[in-house]
2 protein chains.
Amino acid sequence: MSAAADTAERILDAAAELMATRGYAATTTRAIAQRAGVNEVTLFRRFENKQGVLKALGERMARRQAGRAAEHVAPSDDARATLLAFARMEIEGALEDDGLAMRLAYDAQSVPEVGEAMGAGAGANLAGLAEYLRERQEVGQLRADVDPAVMAEAFFGLTSSYVIMRKVLGLGESPVDVRTDEGLEQLFDLFWSGAAPKEARHDG
Amino acid sequence: MSAAADTAERILDAAAELMATRGYAATTTRAIAQRAGVNEVTLFRRFENKQGVLKALGERMARRQAGRAAEHVAPSDDARATLLAFARMEIEGALEDDGLAMRLAYDAQSVPEVGEAMGAGAGANLAGLAEYLRERQEVGQLRADVDPAVMAEAFFGLTSSYVIMRKVLGLGESPVDVRTDEGLEQLFDLFWSGAAPKEARHDG
DNA sequence: GTAGAGTGCAAGCAAGCACTTGCTTCACTT
DNA sequence: AAGTGAAGCAAGTGCTTGCTTGCACTCTAC
């Protein structure tokens, strides 16, 4: 990576860390520059605006998210395995950036430019998941007496609360590897036991 | 209510509304005063500080929360009914103040005084619920193969995501009455079907 | 070996912030 | 009628914020 590109990356890294904990408005350009180890002027020269930093950050997040999806979610007929992989992916991504996406989803409400930089994100994700769940209901892989939108909401609640508790409220610890975390496994099993058709449930 | 007490209440109402959407730092004393229909100076005369407003708000929230708990959660041997009542109470309280408590939980991370004003809140709630669930596991009213802390986390995820989606992300609509909301009923049933011992589950 | 791009440094500007001061007005009690 | 407490209004203080300007330095490419 060229020196110039590296400077930009370091600024984005710093901005991501700070905004994840303080939010967009409370993260000053001075603080970003200091953490990145560059002069504040350099930040403005490379990104024009504070909003420009946010926009670049949003694009980088979208790129990484797409990469994770391609890597982790293999097409499979096993609905349970697919959903578990999806949960892991969501959580891994959210933990990796320290809950940045969730924090910014909060800020989007009050700061319009944050909403723009984040795109349809959450809403689109939810709708897409609901559609997937509906298909699985139709082929009998999920119980059919619950609205798929409600089921998607429950799934979203599972993954987001896992992150919020660890990164926002500071309860519990982040697992070393989400792929082997026992708590996540149990958490998912609770969801699955509620969502599966009766013959597929656990034998608790 | 005396005119003076009414002024203070109106200031707290305005602060609650604004902080619920913008967060603590982004809510200016000017904006609070304007929305309350009082002069900004009046705010400082009644509450000393912006922090003083926050503190009074925290105390009022705690008082109301205690009131709701006394009103709604009747002691019962029916674990399902108790948990459903508890979920309704949590959600009703959170929706009533437009997600203020959750928004402030976010801010507590970056603004120390917010943490002080909110107290142990979330962490204590979680621990208390886990303890209740553990007792119910022991008497066979809940499946025993899942860590009660994980189960509490799932429950918390259910209620908090219900509120976050409606108040923070602006998805879906707030129900007119939480006590009769069909979606909440289904959402809780998903949780319960996952958490109940096998003989008590739904027949989906 | 020189031009140009990238960065640092010092200084500053306008706006917005929490908060203060001094004075006036009004309603209510005695 | 006088006194008192709550509220409004106008103005201002010191600080922080996003952002700008001007200048000097150091690499790298040709």
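Owing to the predicted nature of the structure, the values given are computational and were not obtained by experimental measurement. Just so we're on the same page: letters track the sequence lines, and every chain starts at 1. Values below: every heavy atom of this structure, side chains too, minus hydrogens, waters and symmetry copies.
- Rounded to an integer number of Å, the gap from I11(A) CD1 to dG6(C) P is 13 Å.
- Residue F44(A) contributes atom CZ, which lies 12 Å from atom P of dT21(D) at whole-angstrom precision.
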For residues 96-105 of chain A, which side-chain donor-acceptor pairs fall under 3.5 Å, sequence neighbours excluded?
from: E96(A); atom 1: OE1; to: R68(A); atom 2: NH1; distance (Å): 3.0
from: D97(A); atom 1: OD1; to: G99(A); atom 2: N; distance (Å): 3.3
from: D97(A); atom 1: OD1; to: L100(A); atom 2: N; distance (Å): 3.4
from: D98(A); atom 1: OD1; to: K167(A); atom 2: NZ; distance (Å): 2.9
from: R103(A); atom 1: NH2; to: D107(A); atom 2: OD1; distance (Å): 3.4

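- Residues satisfying the side-chain hydrogen bond (donor to acceptor under 3.5 Å, both in side chains) test with Q137(A), not counting sequence neighbours, are none.
- Judged by distance alone, the side chains of Y24(B) and E113(B) do bring a donor and an acceptor atom under 3.5 Å apart.
- Within the structure, every pair that satisfies the salt bridge (charged side-chain N to carboxylate O under 4.0 Å, His left out) test and touches residues 23-34 of chain B, not counting sequence neighbours, is listed here: R30(B)-E40(B).
- In this structure, a donor-acceptor pair under 3.5 Å is present between the side chains of R143(A) and S193(B).
- Across the protein-nucleic acid pair, L43(A) atom CG and dT20(D) atom C1' stand 14 Å apart, rounded to whole Å.
- Within the structure, salt bridge (charged side-chain N to carboxylate O under 4.0 Å, His left out) pairs that include any residue of residues 114-133 of chain A comprise E131(A)-R134(A) (at least two apart or interchain).
- Within residues 48-58 of chain A, the residues approached by DNA chain D to less than 4.0 Å at the level of any non-hydrogen atom are N49(A), K50(A), in residue-number order.
- Ring pair F155(B)/F86(B) is parallel by interplanar angle, where below 30° counts as parallel and above 60° as perpendicular.
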The contact string for nucleotides 7-15 of chain D, one letter per nucleotide 5' to 3', using protein heavy atoms under 4.0 Å with B, S and - for base, sugar-phosphate only and none, comes out as BBBB-----

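- By the 6.0 Å and 45° rule, R166(B) stacks over the aromatic ring of Y162(B).
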